[in-house]
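Comments concern the structure below.
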There are 2 protein chains.
Amino acid sequence: MLEIRHLKTLHALREADSLVDAADRLHLTQSALSHQFKELEERMGMPLFVRKTKPVRFTSAGLRLLQLADATLPLLRAAERDISRLAGGTAGRLHMAIECHSCFQWLMPTIDQFRDAWPEVELDLASGFSFAPLPALARGDLDLVVTSDPLELAGITYVPLFTYEAMLAVANQHRLASKPYIVPEDLLPETLITYPVERDRLDIFTRFLEPADIEPAQVRTSELTVMMMQLVASGRGVCGMPHWALHEYSSRGYVKAKRLGEKGLFATLYAAIRADMLDAPYMRDFLLTAKDTSFSTLDGVSAVR
Amino acid sequence: MLEIRHLKTLHALREADSLVDAADRLHLTQSALSHQFKELEERMGMPLFVRKTKPVRFTSAGLRLLQLADATLPLLRAAERDISRLAGGTAGRLHMAIECHSCFQWLMPTIDQFRDAWPEVELDLASGFSFAPLPALARGDLDLVVTSDPLELAGITYVPLFTYEAMLAVANQHRLASKPYIVPEDLLPETLITYPVERDRLDIFTRFLEPADIEPAQVRTSELTVMMMQLVASGRGVCGMPHWALHEYSSRGYVKAKRLGEKGLFATLYAAIRADMLDAPYMRDFLLTAKDTSFSTLDGVSAVR
DNA sequence: AACGATGTTGAGTTTGTCTCATGTTGAAGG
DNA sequence: CCTTCAACATGAGACAAACTCAACATCGTT
């Protein structure tokens, strides 16, 4: 019924003073616009503008459509721009979210380096713990999600970034500090400190305690890593944490990092992206950069690749 | 390039699970959609969705266009609805603004009565002193402006509502209280209280003091009528005001209302509307209702018609 | 292997949109 | 009053776009 062409014509007509002028701007003949308006006004059942004045004057209906044009044409242009960027490949959008509390540390250098290489790519990082990032990724609101549990989802692929060891932080003089490694039973009398997220997203529960059917004496949460370290150092609890996030504290003798289980508890961080984005050159490069920089920033911390 | 048809098709495709289904919903053949997408994807330079899955899966580009569709299609529908209401005539929009501080008094009954008669008309009243209402009227953001100075503007017509007398409020024991009428010179030693608007929108200046080249000793402003009456009653100034706005106070002996000039100072309130809205039945009715109710509410106050 | 459901493709038809040529209208000026 | 000019309207025809139809390809299912 109503077409974009009509909105563009109305818009041009407002800029110009007459049909003749507007036709010029649109690279059409005056006749074309005349026909176009005749038909549109017929369909609308009312005139859209007064022709006999200079400049032309719009009727209420015409003004309403102009309002629509003002609202929609910019959206349209923006979308077309985004699409042609996507097609071009050297530009685009990369909106990220991280599910992992301690990922800034290695992601920031990645982003900095990437920004230099691809200045045309619109970067955004939402530390969105407030919403479910994977559906947003599938919906197209996000372009990359850093996560450690790759749940099967149509159209989403997971690119492994690096593997790390989850360890247990305990106070230096803690009774467990001298053990070569921790077994689930060791945590029975302990207070376990975690980030405030669902249990099934915490490896220490899903892959260490729950298989052994062990529940710690108490579980408390904290939002900030420093805060957690403080609690651990003062002997008020223990906490599971990636080795590299712990390194800053354990290397200075603030807390001790203990292996979980005899063979250690290893987990992998993945970049979740929509499958078709694997082809985008800037995405490939981002993933490579992420692997590289995570390797070098976490180097001294013995990241397992 | 990109057409509304495409957005509608994409939208339908998301609701449906397949091209066949989507085609049904759009009352087209599946072949039509296949052709449509083939051409669109060619133009965009990339696929928009994956066909081999059920339900279909959109690519990043497809998701971007869906996002556009979600943003624009509702706007489009709303505009089309507004237009057909306009054409129908029994429904529509009536967004008003009043330039006049004391107009609520008679406008409110008008609106109440009108709302009953035309429930389908979307009413809104902005007491917008914050912006210029007449350009907004011409632009289509407003549909009716109540004003007392009809300034010439293309496409805007002014419908007179009623004429009222501007009078001077003075304290009961004021030296001017006993005069039969006020002359400009009387205000030379006085403090004049006005609403906080530009002088050239105040009749007492433009049509009483300035023609006689008289400037009061002092001018102070107040936003509220009650406040002004308080100041007047306590002898701290005088103030010009429509007779009907004054009536509430003068009839109770709180202040005295004096005629301005021997023959009185009369002004007319107009409804400014876009010329073509004169034909809309609900607009005609609103104007009649406004005249009627202004007459009856201001009746005992001797409004001049 | 056969079938049904889904999507693609090419040909042909319909519909729509533009241009060109010409007609109409209204304002300005002699 | 008539001419002139500019703006817009209108009709015919050219052309392109978008659809349908029919035939074919593909894939998962029975």
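Here is the naming used below: chain letters follow the sequence lines, and residue numbers restart at 1 for every chain.
- The main-chain N or O of B:Asp279 is never found under 3.5 Å from a side-chain atom of B:Arg284 such that the two would form a donor-acceptor pair.
- Using a 4.0 Å cut-off, no side-chain N or O of B:Lys38 falls inside it from OP1 or OP2 of C:dT8.
- Going from atom CD1 of A:Ile4 over to atom C1' of C:dT17 covers 16 Å, rounded to whole Å.
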Could you go over nucleotides 17-21 of chain D and give all protein N or O partners under 3.5 Å, atom names and distances?
unit_1	atom_1	unit_2	atom_2	d
D:dA18	OP1	B:Arg5	NH1	3.3
D:dA18	OP1	B:Arg5	NH2	2.3
D:dA18	OP2	B:Glu39	OE1	3.4
D:dC19	OP2	B:Gln36	NE2	3.4
D:dT20	OP2	B:Thr29	N	2.9
D:dT20	OP2	B:Thr29	OG1	2.5
D:dC21	N4	B:Ser31	OG	2.6

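- Smallest separation of non-hydrogen atoms from A:Thr59 and B:Asp276: CB-OD2, 3.5 Å.
- Remark: P of C:dT19 and CG of A:Leu26 are 10 Å apart, rounded to the nearest angstrom.
- Nucleotide C:dA27 holds its P atom 17 Å from the CG atom of A:Asp17, rounded to whole Å.
- Considering every non-hydrogen atom in both B:Phe114 and B:Tyr282, the closest pair reads CE1-O, 3.3 Å.
- The terminal axes of the helix from C:dA1-D:dT30 to C:dG30-D:dC1, fitted over 5 pairs per end, subtend an angle of 20° to the nearest 10°.
- Considering only side-chain N and O atoms, B:Arg51 lies nowhere under 4.0 angstrom from the phosphate OP1 or OP2 of C:dT6.
- Among pairs with a residue in residues 15-46 of chain A, those fulfilling ring pair (Phe, Tyr, Trp, His ring centres under 6.0 Å) read A:Phe37-A:Phe49, at least two apart in sequence or across chains.
- The shortest heavy-atom contact between A:Thr206 and A:Glu210 is CA-OE1, 3.8 Å.
- In this structure, B:Asp21 places its CG atom 13 Å from P of C:dA5, rounding to the nearest Å.
- In terms of modelled atom types and a separation under 3.5 Å, the side chain of B:Glu41 and the main chain of B:Leu48 share a donor-acceptor contact.
- When each of B:Met277, B:Arg93, B:Arg81 is checked for a side-chain contact (heavy atoms from CB on, under 4.5 Å) with B:Leu86, only B:Met277 meets the rule.
- Residue contacts shown for B:Ser18 are limited to sugar-phosphate atoms, with no base heavy atom under 4.0 Å away.
- As a whole-Å value, the separation of B:Glu41 CD from C:dG7 C1' is 12 Å.
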Worksheet item: Run the salt bridge (charged side-chain N to carboxylate O under 4.0 Å, His left out) check on B:Arg139 and A:Asp70 step by step: do they pass?
Response: CA-CA 12 Å; B:Arg139 218 182 308 126; A:Asp70 289 336; over 6 Å; no
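- Between the CG atom of A:Leu19 and the P atom of D:dT10 there is a distance of 12 Å, rounded to whole Å.
- Residues A:Leu94 and A:Leu144 approach most closely at CD1-CB, 4.0 Å, considering heavy atoms.
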